[in-house]
Amino acid sequence: IIEQVTGTSLAEAAAALLFVPLDLRDTAFDSVSDVVPGRANGYTPCDEPGRAFVDADYLDVSLAGAAGAMRSTAADLRRWQRALFQGQAVSPALAAKMIEPGRLRNGQLASTHRHSDNDSAMGDTQYGLGLMLDTSTIDGSLIAHHHGGINGFASYLAIHVPSGLGLACLCNVDTHPGLPFRDIRRIVFREFLQPPPRSSRR
């Protein structure tokens, strides 16, 4: 739709409409042919003795399109986050829509009938327009977040909406349970998050 409306590629439209106006100098739709100073290699965890990681399987990242073909830096992601919630990237009205929990046609929250019982670990997290919505805070205030991943790379971006305190984490390894994103989240948002429930002891 974007390409049809603008008459340019998605990469060109994103640069002209978002990246350049918002001064996101290190953000772009990636291509393996681009020469990028400081570009990180991507890795995959490895169980072989003496080897913690191996090179991630090759993927022409441009094939992922809007589903993950972008490159950025933590600093640019924080700039994007601030622009999004300060009315620079989209209108305040649209930003407010993004943090409304999605609902089904019958009015129930979209998370009412989760596909798998394993999803219960997500707690009361809802989904808005492109953002996970978490109110597991001391006062019920909102943390909006999302994560991403592609061969050899993982990312996590979160913001406590009322205060503007946010974090951007990038890791050049496949998404896996050993990533430190949850621990970093707890450290950054510790004054806002509810303490974890105590396990019952007999």
Side-chain angles (χ1 to χ4, degrees), residues 1-30 61-62 64-115 119 122-150 153-170 175 181 184-185 188-189 192-193:
I1 293 173
I2 291 172
E3 292 180 343
Q4 289 178 359
V5 170
T6 63
T8 64
S9 70
L10 178 60
E12 293 169 327
L17 298 172
L18 291 173
F19 305 153
V20 172
L22 296 176
D23 198 28
L24 304 178
R25 300 178 185 180
D26 297 316
T27 301
F29 276 85
D30 202 12
V61 70
S62 64
M70 295 172 65
R71 67 172 185 262
S72 191
T73 61
D76 260 14
L77 287 174
R78 279 292 287 142
R79 288 187 192 97
W80 162 253
Q81 202 174 51
R82 288 190 292 270
L84 186 60
F85 287 98
Q86 292 176 1
Q88 297 169 321
V90 298
S91 69
L94 183 53
K97 282 283 187 187
M98 293 180 71
I99 56 176
E100 286 183 13
R103 292 187 176 274
L104 305 175
R105 291 180 181 175
N106 62 7
Q108 290 183 319
L109 289 170
S111 63
T112 301
H113 300 291
R114 286 187 167 143
H115 177 69
D119 293 340
M122 296 173 63
D124 290 332
T125 299
Q126 302 295 329
Y127 199 75
L129 295 178
L131 294 170
M132 305 297 293
L133 309 174
D134 181 0
T135 55
S136 58
T137 48
I138 294 170
D139 59 358
S141 55
L142 177 65
I143 293 174
H145 60 106
H146 216 297
H147 62 275
I150 202 165
F153 298 93
S155 62
Y156 179 68
L157 185 64
I159 185 170
H160 180 251
V161 175
S163 69
L165 178 67
L167 67 101
C169 300
L170 300 175
T175 298
F181 293 163
I184 294 171
R185 167 192 161 94
V188 172
F189 296 132
F192 303 113
L193 294 175

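One is the number of the first residue; the rest follow in order along the sequence. Please read these numbers as outputs of a predicted model, since none were measured by experiment.
Rounded to the nearest 0.5 Å, atoms CD1 (I150) and CG (D30) are 9.0 Å apart. Distance check, rounded to the nearest 0.5 Å: CD1 of I143 to CG of L193 gives 4.5 Å. Within the model, atoms CG of D26 and CG of L77 stand 10.0 Å from one another, a figure rounded to the nearest 0.5 Å. Going from atom OH of Y127 over to atom CD of E100 covers 15.0 Å, rounded to the nearest 0.5 Å. Here L165 contributes atom CG and I159 contributes atom CD1; the two are 8.0 Å apart, rounded to the nearest 0.5 Å. Here I99 contributes atom CD1 and L84 contributes atom CG; the two are 9.0 Å apart, rounded to the nearest 0.5 Å.
Between the D76 side chain and the T27 main chain, a donor and an acceptor come within less than 3.5 Å of each other. Between the side chain of E3 and the backbone N or O of S9, no donor-acceptor pair lies under 3.5 Å.
A pairwise comparison of heavy atoms in A69 and A64 identifies N-CB, 3.9 Å as the closest pair. Of all heavy-atom pairs between F192 and S163, the closest is CZ-OG, 3.7 Å. The shortest heavy-atom contact between S141 and P162 is CB-CG, 3.8 Å. In this structure, A74 and A168 approach most closely via the heavy-atom pair O-CB, 3.6 Å. For the residue pair C169 and F181, the shortest heavy atom distance occurs at CB-CE2, 3.5 Å. For the pair L10 and A66, the tightest heavy-atom approach, listed with the atom from each and the gap, is CD2-CB, 3.8 Å.
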Worksheet entry | L18 and L24: CA distance, side-chain angles, deciding distance, side chain to side chain contact (heavy atoms under 4.5 Å, CB included) verdict | CA-CA 8 Å; L18 291 173; L24 304 178; 5.6 Å; no
Discussion item. Side chain to side chain contact (heavy atoms under 4.5 Å, CB included), that's the test. Do I184 and Y156 meet it? Break it down for me.
Written reply: CA-CA 10 Å; I184 294 171; Y156 179 68; over 6 Å; no
Worksheet item: Could you go step by step and tell me if V90 and K97 meet the side chain to side chain contact (heavy atoms under 4.5 Å, CB included) rule?
Response: CA-CA 11 Å; V90 298; K97 282 283 187 187; over 6 Å; no
Item to complete: I would like to know whether Q88 and L22 meet side chain to side chain contact (heavy atoms under 4.5 Å, CB included); could you show each step before the answer?
Response: CA-CA 8 Å; Q88 297 169 321; L22 296 176; 4.0 Å; yes
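Within 6.0 Å of the CD1 atom in I2, the count of heavy atoms belonging to other residues, nucleotides or ligands does not exceed 12. In R25, the CZ atom is not crowded: 12 or fewer heavy atoms of neighbouring residues, nucleotides or ligands sit closer than 6.0 Å. Under a cut-off of 6.0 angstrom, the local environment of NE2 in H146 is crowded, with over 12 non-hydrogen atoms contributed by other residues, nucleotides or ligands.
Looking only at side-chain heavy atoms (C-beta outward), F153 and V61 stay at 4.5 Å or farther from each other. Counting only heavy atoms from C-beta outward, the side chains of E12 and T6 never approach each other to under 4.5 Å.
Among residues two or more places apart in sequence or in another chain, the side-chain hydrogen bond (donor to acceptor under 3.5 Å, both in side chains) test is passed with R78 by Q81.
The aromatic rings of F189 and H160 are tilted relative to each other, their planes meeting at an angle between 30° and 60°.
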